[in-house]
Amino acid sequence: MTVSGPLEARFGDIQVPAEVQRGEFTEIPVVDLANMASESLADRKQVAAEIYKVATTVGFFYIKNHGLPQELFDDAEDWSRRFFELPHEIKMKSFCGGRNNEFIGYLPQAEDLPVSAASHLHVAAASKVEAYALGYENDADERKKAGDPPPSDPFHLHGPNAWPSHEELPGFQEWQLYYYGELLKFSHRLTKLIALALNLDDSAFDHLFNSPGSICRLMHYLPRKVSAGEHASIKPHTDIDFFTILLQGKVPGLQVRNRKGDWIAAPLIPNALVVNIGDTLHYLTNGIFKSTPHRAINLTGEQRRSIPFFMNVDHTATIGPMPEFVTKQRPAIREPFVYGEWLRNLMAGSN
Ligand SMILES: O=C(O)CCC(=O)C(=O)O
Ligand SMILES: [Fe+2]
């Protein structure tokens, strides 16, 4: 792995206005990925340079010409609608509470949460928002063959996924695995572009994604009236993952906070997806890539269906500032930690 030239110099070189370099952006930039799969390394590096620019300043960007077919996303919205239209009792059969990995399964809106649910679920549940999340399975990973052993799981964070049965929603499981698999494949390619953006070998992150803890989440925001002083549907947060690829669907609602504290709306751009850098990549790059706070709010009077795909590293991966990004001027921002252990603590509410 090599980094050519001091990073501070690279950072200083980027052609963006000073206020954007300070994180005071007023819109979410768009990166054109048309050359992502070019045979020419120079072409790929040009796209990577764009990513470097936006990941070090805004931390959020749209991707267009990503090569994923619109049909994939139209189908996804349709399946999401069908899932959330199921009766409450059926959705509750996949309830995330009390499972090994409480990030997986169905999380009802706060109003419908069982009183007995653990307190951290009450914190996570939002008013007028329900969600359903799928975790990693070999079956969704094109690199795995039939008979391959399941991922090693020392932290008991992998599966099993919670599905509505074939009778309850025929075709849903198959679609979920397919969609997850397509997003996982694409995300792998994006990790390579990100490695290039950081002047690393494009395989530099491959070892972190053998059986990744990635999660595909269907989200359903019901229409709601927000009275004075009330806040967003999904509260301000940063994502804890490597990066997130978000399908906003047909209804906007995402807002991103700049470093002045202004909330910048992320409008819908046809056929574009939103990517944001998560805390894991922020730590790996020793803070060079920004994990930016955001929230979502649905004030349209319509139902909103978004689908974030959280690209996570392996639960067994050790995460910490890579030596390439640690200098005397930029000391390590945190100690290395094991990702799955950190998630476990998060679930226990102690991080
Ligand atoms: O629904 C959205 O637009 C964003 C959701 C989000 O930020 C999240 O689930 O982490
Ligand atoms: Fe998020």
Side-chain angles (χ1 to χ4, degrees), residues 27-28 55 58-63 73 76-77 79-81 83-84 96 101-110 120-121 123-135 179-180 183 187 190 212-224 226 231-258 263-283 289-313 343 346-347 351:
E27 59 185 10
I28 314 292
V58 180
F60 262 83
F61 49 101
Y62 292 91
I63 49 172
F73 302 118
E77 282 181 55
W79 277 113
S80 168
R81 181 184 52 76
F83 175 82
F84 289 118
C96 62
N101 181 343
E102 293 187 324
F103 287 124
I104 288 175
Y106 175 64
L107 179 65
Q109 55 173 328
H120 59 273
L121 287 182
V123 173
S127 184
K128 304 288 179 219
V129 182
E130 53 179 341
Y132 169 83
L134 185 88
Y179 185 82
Y180 185 108
L183 269 286
S187 298
L190 195 55
S214 304
I215 284 187
C216 176
R217 185 152 73 198
L218 312 181
M219 302 189 71
H220 180 210
Y221 298 73
L222 286 99
R224 68 188 294 224
V226 175
H231 286 297
S233 312
I234 298 288
K235 296 193 184 80
H237 65 281
T238 55
D239 290 350
I240 60 179
D241 57 358
F242 192 82
F243 59 66
T244 306
I245 300 182
L246 173 73
L247 173 69
Q248 280 212 80
K250 298 212 169 32
V251 177
L254 174 68
Q255 298 178 348
V256 181
R257 193 166 72 202
N258 72 13
W263 286 104
I264 309 299
L268 297 185
I269 300 186
N271 305 322
L273 299 162
V274 180
V275 174
N276 63 284
I277 305 302
D279 297 344
T280 305
L281 187 51
H282 175 77
Y283 295 139
F289 273 19
K290 304 292 179 245
S291 176
T292 303
H294 53 283
R295 67 183 186 185
I297 183 161
N298 178 20
L299 299 177
T300 60
E302 290 173 54
Q303 306 199 39
R304 175 173 193 261
R305 275 178 277 273
S306 69
I307 308 186
F309 182 83
F310 302 99
M311 184 57 161
N312 279 307
V313 295
L343 277 184
L346 209 63
M347 267 179 245
N351 267 41

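Both ligands and their constituent atoms are indexed starting at 1 by order of listing.
Within H237, the N/O/S atom positioned nearest the Fe ion (ligand 2) carries the name NE2.
By the 6.0 Å contact criterion, CD on E27 is open, its count of non-hydrogen atoms from other residues, nucleotides or ligands being 12 or less.
Side-chain contact between H294 and D239: present, with at least one pair of heavy atoms (C-beta onward) separated by less than 4.5 Å. Using a 4.5 Å cut-off on side-chain heavy atoms (C-beta onward), I245 and F243 make contact. Between F60 and L254 there is a side-chain heavy-atom pair separated by less than 4.5 Å. A 4.5 Å side-chain heavy-atom check between Y106 and P108 finds at least one atom pair inside the cut-off.
When OD1 of D239 and NE2 of H294 are joined through the Fe ion (ligand 2), the resulting angle is 90° to the nearest 10°.
Within ligand 1, the atoms closer than 4.0 Å to a non-hydrogen atom of M219 are 5 (C), 9 (O), numbered from 1 in the order shown. If you number the atoms of ligand 1 from 1 as listed, the ones under 4.0 Å from a heavy atom of S306 come out as 1 (O), 2 (C). Atoms of ligand 1 found under 4.0 Å from any heavy atom of H294, numbered from 1 in the order shown, are 7 (O). Counting atoms of ligand 1 from 1 in the listed order, those under 4.0 Å from a heavy atom of F310 are 8 (C), 9 (O), 10 (O).
No part of T244 comes within 4.0 Å of ligand 1, judged by heavy-atom distances. If you look at R295 next to ligand 1, there are no close heavy atoms at all, none under 4.0 Å.
Scanning all protein heavy atoms for the shortest distance to atom 1 (O) of ligand 1 gives Y221 OH, 2.6 Å. For atom 9 (O) of ligand 1, the closest heavy atom belonging to the protein is R217 NH2, 2.8 Å. Closest to atom 10 (O) of ligand 1, if we only count protein heavy atoms, is H237 NE2, 3.0 Å. Scanning all protein heavy atoms for the shortest distance to atom 3 (O) of ligand 1 gives R304 NH2, 2.9 Å.
Under the 3.5 Å distance criterion, with hydrogens and angles disregarded, a donor-acceptor pair is assigned to the side chains of D279 and T238.
Residue I234 places every heavy atom at 4.0 Å or more from ligand 1.
The aromatic rings of Y179 and F73 sit perpendicular, their planes meeting at an angle over 60°, well past the 30° parallel limit.
At distances below 3.5 Å, at least one donor-acceptor pair connects side-chain atoms of Q248 with backbone N or O atoms of A266. Panel note: side chain H220, backbone L218; no donor-acceptor pair is recorded below 3.5 Å.
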